[in-house]
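Chain letters run A, B, ... following the sequence lines, proteins first and then strands; every chain starts at 1.
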2 protein chains.
Amino acid sequence: MIKYSKQTRLLLAVDCIIFGFDGDTLKILLIKRGFQPEKDKWSLMGGFVQPAESLDQASNRILKQLTGLEGVYLEQLHTFGNPLRDPIERTISVTYFALIDINKYEQQLSSDYHPEWFPLKRVPKLIFDQQDMVELAKKRIRYKAALHPILFELLPAKFTLPQLQSLYESVYNTTIDKRNFRQRVLATGLLIKLDDKDKSASKRGAYYYQLNMQHYYANFQAFLNFIPNPGNLL
Amino acid sequence: MIKYSKQTRLLLAVDCIIFGFDGDTLKILLIKRGFQPEKDKWSLMGGFVQPAESLDQASNRILKQLTGLEGVYLEQLHTFGNPLRDPIERTISVTYFALIDINKYEQQLSSDYHPEWFPLKRVPKLIFDQQDMVELAKKRIRYKAALHPILFELLPAKFTLPQLQSLYESVYNTTIDKRNFRQRVLATGLLIKLDDKDKSASKRGAYYYQLNMQHYYANFQAFLNFIPNPGNLL
DNA sequence: GCAAAAGTGTTCCAAGTACACCCATGG
DNA sequence: CCATGGGTGTACTTGGAACACTTTTGC
């Protein structure tokens with residue numbers, strides 16, 4: 001087989017920033033790194049890209065290894081290639097961010113990694129340049145969610161408007177007027193009101209809603225304003 | 001030196017999608033590939049990442065090699081890693097897109113590459129998956145320019161409002177009411193009106209404007225609506 | 001019966017849109 | 001003097017923002 005001669009070959013890894021929402025706080029999932037260097041330090045879930053694997057495949061595999069989940073929202077974020085970012089050997093890292101329903105995440109599957117959810121405001125020191133990766137992912141989720149309805153990926157199929165509002169407030173670290181929020185959200189036509197209520201958070205109960213998947217996919221690229229003055233919050 | 005054992009090492013390349021605007025049409029700069037495979041086919045400007053080089057450094061080096069330009073707008077776009085994208089040997093490509101002032105581009109510097117500007121609507125067949133890269137870059141420039149004042153990077157330091165409007169119309173393949181366009185653009189406070197006029201395009205002449213760099217950098221992250229209903233155009 | 005969360009409407013203001021005429025100049 | 005492109009203002013519509021009270025129900 002012919003090769004490109006005289007060029008250096010490098011290691012290629014994928015690292016995943018996995019977001020979840022517990023009803024109150026936006027969190028990311030970290031693991032204790034299982035090998036040297038930096039063994040037992042907090043780290044993003046990652047792995048080397050295998051010879052026959054695309055980048056998307058690698059990120060999906062890595063996400064499944066840790067969470068047991070498939071078919072979740074996963075998007076390429078940025079590629080980090082500073083020559084010294086890994087002290088052992090130059091390694092390029094393609095980062096992906098994932099949005100998962102924290103309830104579907106199965107703790108047991110992944111116990112070898114000792115994974116833990118950390119609120120975004122209390123992320124521990126991470127290895128290498130992973131701090132930068134997390135910062136970038138935070139920015140990106142805020143940016144994208146200001147324009148596109150991606151945050152639904154963090155909620156169960158049935159959710160209430162107070163839950164949804166709490167999610168937006170948590171992502172943007174702000175408070176929103178509930179009347180305006182409901183108005184804006186319902187005006188998108190993305191939500192279908194269900195007949196049953198969630199009584200876990202209040203005595204009266206809040207109606208469940210679910211996504212209108214037709215509208216959801218059709219309007220995903222449109223600019224939807226879920227957030228007032230998003231530019232001010234990024 | 002310790003190494004990560006048993007992992008495959010890969011080639012890493014950077015490819016640049018270089019945009020320019022000639023006053024009428026949005027174009028990209030392509031070269032005739034100088035080596036096998038696909039020698040003499042139209043291709044993006046690219047190159048292998050060198051051992052001591054970051055990705056940003058590599059893309060700047062490659063851009064300078066072809067255009068002679070430094071310090072221009074250059075942004076990482078996406079990383080392509082399909083295992084079969086390069087038939088010779090697996091090569092990861094980190095793509096960047098650049099916005100340059102086509103007048104500053106110096107033809108002579110790069111004559112070994114036989115570069116040529118192609119209107120976006122008449123891009124020839126490209127090697128490997130570079131067609132996908134160009135498509136993605138087109139989407140990204142439209143997306144980003146709908147919200148941020150990046151298109152100024154395609155113009156000279158002094159430009160007229162008709163020029164600017166023509167640029168937006170060309171990027172979005174649409175027409176815009178000039179009264180509303182001027183109003184929106186001037187309302188951003190980003191432009192400073194100069195005293196002299198460009199008489200090359202009309203007898204009366206159009207006033208030159210330049211960017212207010214203070215406001216430009218301060219408002220770069222804000223969402224500015226240069227385009228009506230941008231969501232409809234992407 | 002009361003505390004706690006859910007649900008609902010209206011007024012006001014700002015921004016966007018549609019739209020048509022005059023101006024300056026070189027030929 | 002006229003053809004060509006440059007420049008300007010207004011009325012209207014729409015979407016976002018501010019804002020307070022009623023409803024339900026478990027305890």
Next item on the list: Find the distance Ile176(B):CD1 to dC19(C):P and express it as a whole number of Å.
Entry: 16 Å
Notebook entry, point to check: Taking the inter-plane angle between the rings of Tyr172(A) and Tyr168(A) on a 0 to 90° scale, is it parallel (under 30°), tilted (30 to 60°) or perpendicular (over 60°)?
Noted result: parallel
Next item on the list: Would you kindly give the OH-to-C1' distance between Tyr207(A) and dT23(D), to the nearest whole Å?
Entry: 11 Å
Notebook entry, point to check: Mind checking whether Phe21(A) and Ser166(A) have side chains closer than 4.5 Å, heavy atoms only?
Noted result: yes
Table of protein N/O atoms under 3.5 Å from nucleotides 24-27 of chain C N/O atoms:
from    : atom 1 : to        : atom 2 : distance (Å)
dA24(C) : O4'    : Arg204(B) : NE     : 3.3
dT25(C) : O3'    : Lys203(B) : O      : 3.4

Check: Should Gln210(B) and Leu194(B) count as side-chain neighbours, where that means a heavy-atom distance under 4.5 Å?
Finding: yes
Check: Any idea which of dG7(D), dC19(C), dA20(D) is nearest the Lys178(B) side chain?
Finding: dG7(D)
Next item on the list: Take atom OH of Tyr208(A) and atom P of dG7(C), then tell me their distance rounded to the nearest Å.
Entry: 12 Å
Note to self: What's Ala187(B) touching, base or sugar-phosphate or nothing? Going by heavy atoms closer than 4.0 Å.
What the structure shows: nothing
Margin query: Let's see if you can work this out: which of dT10(D), dG7(D), dT8(C) has an atom nearest to the side-chain heavy atoms of Gln183(B)?
Written below: dT10(D)
Note to self: If I take atom CG in residue Asp177(B) and atom C1' in nucleotide dT10(D), what distance separates them, rounded to the nearest angstrom?
What the structure shows: 13 Å
Margin query: Between P on dT24(D) and CG on Asp198(A), what's the gap in Å once rounded to a whole number?
Written below: 18 Å
Notebook entry, point to check: How are the rings of Phe159(B) and Phe152(B) set relative to one another: parallel (under 30°), tilted (30 to 60°) or perpendicular (over 60°)?
Noted result: tilted
Next item on the list: Could you go through the side chain to side chain donor-acceptor pair (under 3.5 Å) check for Gln165(B) and Glu169(B) one step at a time?
Entry: CA-CA 6 Å; Gln165(B) 179 170 352; Glu169(B) 290 180 338; 3.1 Å; yes
Next item on the list: Write down the distance between CZ (Arg182(A)) and C1' (dC19(D)), rounded to a whole number of angstrom.
Entry: 16 Å
Notebook entry, point to check: Can you list the stems that include DNA chain D, where a stem is three or more consecutive Watson-Crick or G-U pairs with distances under 3.5 Å?
Noted result: C:1-27 with D:1-27
Item checked: side chain to side chain donor-acceptor pair (under 3.5 Å) assessment of Tyr96(A) paired with Asn60(A) -> CA-CA 9 Å; Tyr96(A) 280 76; Asn60(A) 274 291; over 6 Å; no
Check: Which of parallel (below 30°), tilted (30 to 60°) and perpendicular (above 60°) describes Phe97(A) and Tyr73(A)?
Finding: tilted
Notebook entry, point to check: Quick one: is Arg179(A) getting a side-chain N or O under 4.0 Å of the dT10(C) phosphate, OP1 or OP2?
Noted result: no
I'd like a table of donor-acceptor pairs (distance under 3.5 Å, sequence neighbours excluded) in which one partner is a side-chain atom from residues 199-208 of chain A, with atom names and distances.
from      : atom 1 : to        : atom 2 : distance (Å)
Ser200(A) : OG     : Asp198(A) : OD1    : 2.7
Ser200(A) : OG     : Asp198(A) : OD2    : 3.3
Ser202(A) : OG     : Gly205(A) : N      : 2.9

Margin query: What is the distance, to the nearest angstrom, from the CG atom on Leu186(B) to the P atom on dG9(D)?
Written below: 12 Å
Note to self: Quick check on the 6.0 Å ring-centre criterion: do His148(A) and Tyr143(B) meet it?
What the structure shows: yes
Note to self: Please confirm whether the shortest side-chain N or O distance from Arg184(B) to OP1 or OP2 of dA15(C) is below 4.0 Å.
What the structure shows: no
Checklist line | Rounded distance in Å - CZ (Phe181(B)) to C1' (dG6(D)) | finding: 14 Å
